[in-house]
Amino acid sequence: MTGSAAGEKVGHGGPAGACRDPLDGAAETAAFGRALLDWYDAHGRDLPWRQTRDPYRIWISEVMLQQTRVGQMEAFYTRFLDRFPTLADLAAAADAEVLKAWEGLGYYARARQLHGAARQVMADHGGALPTTRDGLLALPGVGPYTAAAVSSIAFDRDHVVLDGNVSRVLCRLLLVTDLPTRQSVRQRLIEAGERLLVRGRAGDFNQALMELGARVCLPAAPRCDGCPVGLWCRVRAAGADPTAVPQRRPRRPGPHLQVTAGMIWRGDRLLLAQRPAGGMLGGLWEFPGGKQEPGETLEACLRREIREELGLNITVGPEVASVDHAYTHFRITLHAFSAWSGRGTPRTLACAAWQWVAPADLGAFAMPRSDRRIIEYLVAQQGGVHPPVRPPSRHRGGH
Ligand code: SF4
């Protein structure tokens with residue numbers, strides 16, 4: 001495979017109006033498959049996870065691909081596998097090490113499930129990943145997408161993989177205009193995909209469709225003139241606007257929350273709290289705080305949150321940084337304040353654990369991206385995370 005430009009004219013899209021049906025008999029299906037695979041063999045990107053037949057590495061790549069773009073993923077993939085080169089290494093690691101290696105990727109529940117599945121593979125399968133879709137589905141956290149992807153790419157099992165790119169490509173090829181997330185549409189696409197699949201090269205076929213969706217059949221600007229399977233595309237033959245196929249659910253902007261975080265000092269140590277394992281960002285360490293309630297000042301919010309979460313009374317100092325961060329369904333502005341704690345010992349009222357940490361050790365903890373950006377901001381602005389000179393005396397010990 002080579003990494004030539006996506007816009008290169010490599011295909012035979014053919015004029016709009018001419019259309020062959022890829023499902024019209026074995027010969028047409030085979031011709032479609034050949035055109036797709038010839039294009040992929042010549043123009044597919046030479047990505048690190050395509051250079052291996054190691055099922056463990058393919059598994060890691062497929063889990064990561066579900067939550068980040070290829071361009072951003074390569075560095076995470078390399079870093080994770082440098083740290084855990086084998087499934088046995090991952091299974092033997094401590095929870096905190098796995099979260100730390102996953103830091104920045106988001107969806108931390110996936111990291112915990114991956115870790116749990118690796119342990120189960122060591123315990124029940126002698127360290128070898130199951131080779132079938134059903135065997136993979138039996139592992140914790142492995143869903144239909146991952147099971148189909150790993151079984152086809154690592155073990156050449158004849159299963160189609162339906163991710164967002166593949167759904168869009170199939171909808172356009174077959175002129176399916178309905179929402180692809182609908183169960184009936186999904187089922188139709190899977191059945192069509194299984195019929196189109198090139199037996200014995202299912203892994204390459206799936207990756208070719210993914211690649212086509214990522215580089216040619218783009219959501220907003222499909223490159224139909226260079227499309228290697230344009231001859232079989234019903235949207236193109238119908239002269240329809242490909243960007244209108246399939247339907248897309250209108251995105252409603254999620255709420256924008258104001259969230260506080262306390263950089264709470266005791267001497268030269270900062271307080272970190274660990275989020276409860278089961279929830280969002282579970283297991284990560286953060287500057288404690290929480291969401292502002294209506295009518296509450298940010299300072300009052302922070303004092304309340306720290307009382308509720310850690311049973312501590314604090315003195316809130318100046319705001320030292322704020323960052324915006326977008327999650328899937330909402331956005332936040334995180335306001336970080338300097339603060340000082342009274343004498344009490346923190347309690348784990350609404351966190352899993354807490355620690356007083358020297359600023360130099362902050363890098364050792366797996367933290368949410370927004371907290372990490374607060375640290376990066378302070379390093380850029382003042383050369384590091386330093387304790388403020390002294391608490392404002394008029395607030396000392398106040399609430
Ligand atoms: Fe190819 Fe997609 Fe254009 Fe159809 S809509 S010709 S599949 S790029």
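For this chain, numbers begin at 1 and follow the sequence in order. One-based numbering, in listed order, for ligands and for the atoms of each.
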Under 2.8 Å from atom 2 (Fe) of ligand 1 - protein N/O/S, by chain and number
C217 SG
If you group Ile, Leu, Val, Met, Phe, Trp and Tyr whenever their side-chain heavy atoms sit less than 4.5 Å apart, what else falls in with L179?
none
Can the ring centroids of H325 and Y327 be said to lie less than 6.0 angstrom from one another?
yes
Tell me yes or no: between the side chains of [X] and [Y], is some donor less than 3.5 Å from an acceptor?
| X | Y | result |
| --- | --- | --- |
| Q207 | E211 | no |
| E286 | S370 | no |
| T131 | R157 | yes |

Any chance OH of Y107 has more than 12 other-residue heavy atoms, nucleotides or ligands included, within less than 6.0 Å?
no
